[in-house]
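First up is the structure itself, then whatever we jot down about it.
Note that these values count all heavy atoms, side chains included, but never hydrogens, waters or copies made by symmetry. Both ligands and their constituent atoms are indexed starting at 1 by order of listing.
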Amino acid sequence: MAADMSVVNKEGSPSGEAPALSFVDLTKSFGSARVLRGVSFDVMPGEIHALLGANGAGKSTLIKILAGIHHQDSGRILVHGDELEPGHDPGAAKDVGIAFVHQDLGLVEDISVADNVGLQIGFEKTFGLISVRDTSRRVARALETVGATFSPDRLVNSLSRDEQVLCALARALALEPKIVVLDEVSASLPAPEMQRLATSLRSMRRTGVAFIYVTHRLDELESLVDRVTVLRDGVRSVTAQVAELTHTELVRHIVGSEPEAVLAQPLPQVAGSSAADAAHFVVDELTTADLPMPISFEVRAGEVLGVCGLVGSGTRELAQVLAGNHRPTGGAAMLKGRPLTLGRPESLIKRRVAVVPGDRQREGIITGLGIRENLLPTRRAFGAWTKAGFLRPRRETAAVAEISEVFAVTPRDRPDRVVSELSGGNQQKVIFARALADRPDVAILEDPTAGVDIGSRAVLYRLMHQAARAGTAVVLVSTDFEEVAAQSHRVLVMSHGRVVAEFGAEDQLNADVLAEASYGGHVVS
Ligand SMILES: Nc1ncnc2c1ncn2[C@@H]1O[C@H](COP(=O)(O)OP(=O)(O)OP(=O)(O)O)[C@@H](O)[C@H]1O
């Protein structure tokens, strides 16, 4: 096991200087829940420091205290040796050179990319007047730093989630901060884009910027980060050089138990075998305004079909039309031989098509309501209605607890807990439960495990395969190439709005193969 490198021992820091940031004995409770319990660690200048931990471990709470959104109960935060006054507001964090990209991005959606960045950095002026050209140039430079290729004039609400992440990151970097906190920015970025981003982060590191990088994707750590700190149940479990921890040790620190059970499990066989199973869900020459080239494929009952590609490859647009959010301009989708009415989500629900949307905040959870209301569609599966159509409240409460248990949602025993008070990963598990608890005929899952910790992810994959075995045709559209490679029976790779490669059970699938194909090198005739 690696030595603890925190606070007392700063050897191995890239510069040997004093810490850029120190957390000293930080504590925080929400009501009776003790969320942070005496957390201390340092982040050095020029270091990329990963903050890891299971869903609900306290990572976002720590970051929100640093940002001045929450206030610690006790403990101190030092920035380049100077104490940030406890109870500081968000302006104070910005003033000492800390920039944030939170999970919810915080972009203003109905203005342009340039205006979003401009609002943050202040607009360039010529003779006292705002210079659109100079502002655009500065914004374009910031976008280039993060590897984004879209125009600064685009409205933020016209960008895909992935592009919005890049926009938010560019906005943070444009402030030329000393410390940058990235809270799960990679959750919806495909591996190749993540690598481009990693290259920019590493080059910024040389300028002495310190990064805190919150992630659940352990595969990106080795090539990106210098040290890791793991929180478990609000306590720091370890701080160490990433190179000194094996994958197994890291997982053990995160989940707090033997990791074997959560590591890769063999993929179950495709369940269905009859001709009817084979033609269960058929997409035939489908086109939309965003996907003008026809797309066709079939998914058997019992099969998990993975779909992946780079940002802008069309995977997100495909998921959107299959989820019922866009009207097709041509072609059709059929379920068990009958056409589906795409463009009308309510009609898909009636046909037992379930969706995990890619953008949890905008399309997934209903933030003002409790876990119970967010799980409403699963009432039928757990017998919360009588045959005569009356609700059985006690049965419903038990059902919510049962679903929370099965889908590893924390808390399990508080069905009316407002979902916005759940950690991000637990919100995602609620959405996953809503989609799959009722055993749909088709499940369209877009980045279904984004933000879910490695232990819970294993549970969700098992439940996904259980649903498939019971006859669900699963379309797994994901930016996590490891996930697609490990969990799919068959994979379609998209590039420039069309399917460019198909891999089956006979192919040796791994994330590198999918990344290579997603550059378009493997064209299906
Ligand atoms: N505003 C709040 N009110 C009450 N409880 C909260 C609030 N915010 C967070 N919590 C609780 O604090 C605990 C830690 O949540 P936090 O969001 O910090 O976890 P996390 O490590 O970031 O998880 P994830 O990986 O899922 O994002 C959770 O149990 C959560 O329910």
Which of the ligand 1 atoms, numbered from 1, are nearer than 4.0 Å to a heavy atom of Gly425
24 (P), 26 (O), 27 (O)

Does one side chain, of His49 or Thr229, offer a donor that lies under 3.5 Å from an acceptor on the other?
yes

Need the ligand 1 atom indices (1-based, order shown) with element for anything under 4.0 Å from a heavy-atom of Ser60.
17 (O), 18 (O), 20 (P), 22 (O), 27 (O)

How far apart are the C-alpha atoms of Arg227 and Val242, what are their side-chain angles, what is the distance that settles it, and do they pass the side-chain contact (heavy atoms from CB on, under 4.5 Å) test?
CA-CA 5 Å; Arg227 293 194 299 159; Val242 71; over 6 Å; no

Does ligand 1 have an atom under 4.0 Å from some heavy atom of Asp453?
no

Heteroatom distance test (Gly53, ligand 1): nitrogen or oxygen, under 3.5 angstrom:
no

Within-shell test, Lys64 vs ligand 1, heavy atom, strictly < 4.0 Å:
no

For ligand 1, is any non-hydrogen atom under 4.0 Å from Val35's backbone (N, CA, C, O), its side chain (CB onward), both, or neither?
side chain

Using a strict cut-off of 4.0 Å, indicate which atoms of ligand 1 neighbour a heavy atom of His216.
25 (O)

Heavy-atom count check: over 12 atoms from other residues, nucleotides or ligands less than 6.0 Å from Arg417 CZ?
yes

Judged by modelled atom types alone, do Asp25 and Ser40 share a side-chain donor-acceptor pair under 3.5 Å?
no

Which atoms of ligand 1 have any heavy atom of Thr61 under 4.0 Å away?
14 (C), 15 (O), 16 (P), 18 (O)

Considering both backbone and side-chain atoms of Gly451, is one of its nitrogen or oxygen atoms within less than 3.5 Å of a nitrogen or oxygen in ligand 1?
no

Considering only heavy atoms from C-beta outward, does the side chain of Ile454 approach that of Leu250 to under 4.5 Å?
no

With a 4.0 Å cut-off on heavy atoms, is Ala54 touching ligand 1?
yes

So for Ala33, does at least one of its heavy atoms come nearer than 4.0 angstrom to any atom of ligand 1?
no

Identified side chain to side chain contact (heavy atoms under 4.5 Å, CB included) partner of Arg434 from the options Ile431, Val430, Leu436
Ile431

Would Ala57 count as being in polar contact with ligand 1, using the rule that some N or O on each side must be under 3.5 angstrom apart?
yes

Answer yes if the side chains of Thr479 and Asp447 hold a donor-acceptor pair under 3.5 Å, and no otherwise.
yes

Residue pair Leu21 / Ile212, side-chain heavy-atom distance below 4.5 Å
yes

Please state which part of Arg417 comes within less than 4.0 Å of ligand 1, counting heavy atoms only: side chain, backbone, both or neither.
side chain

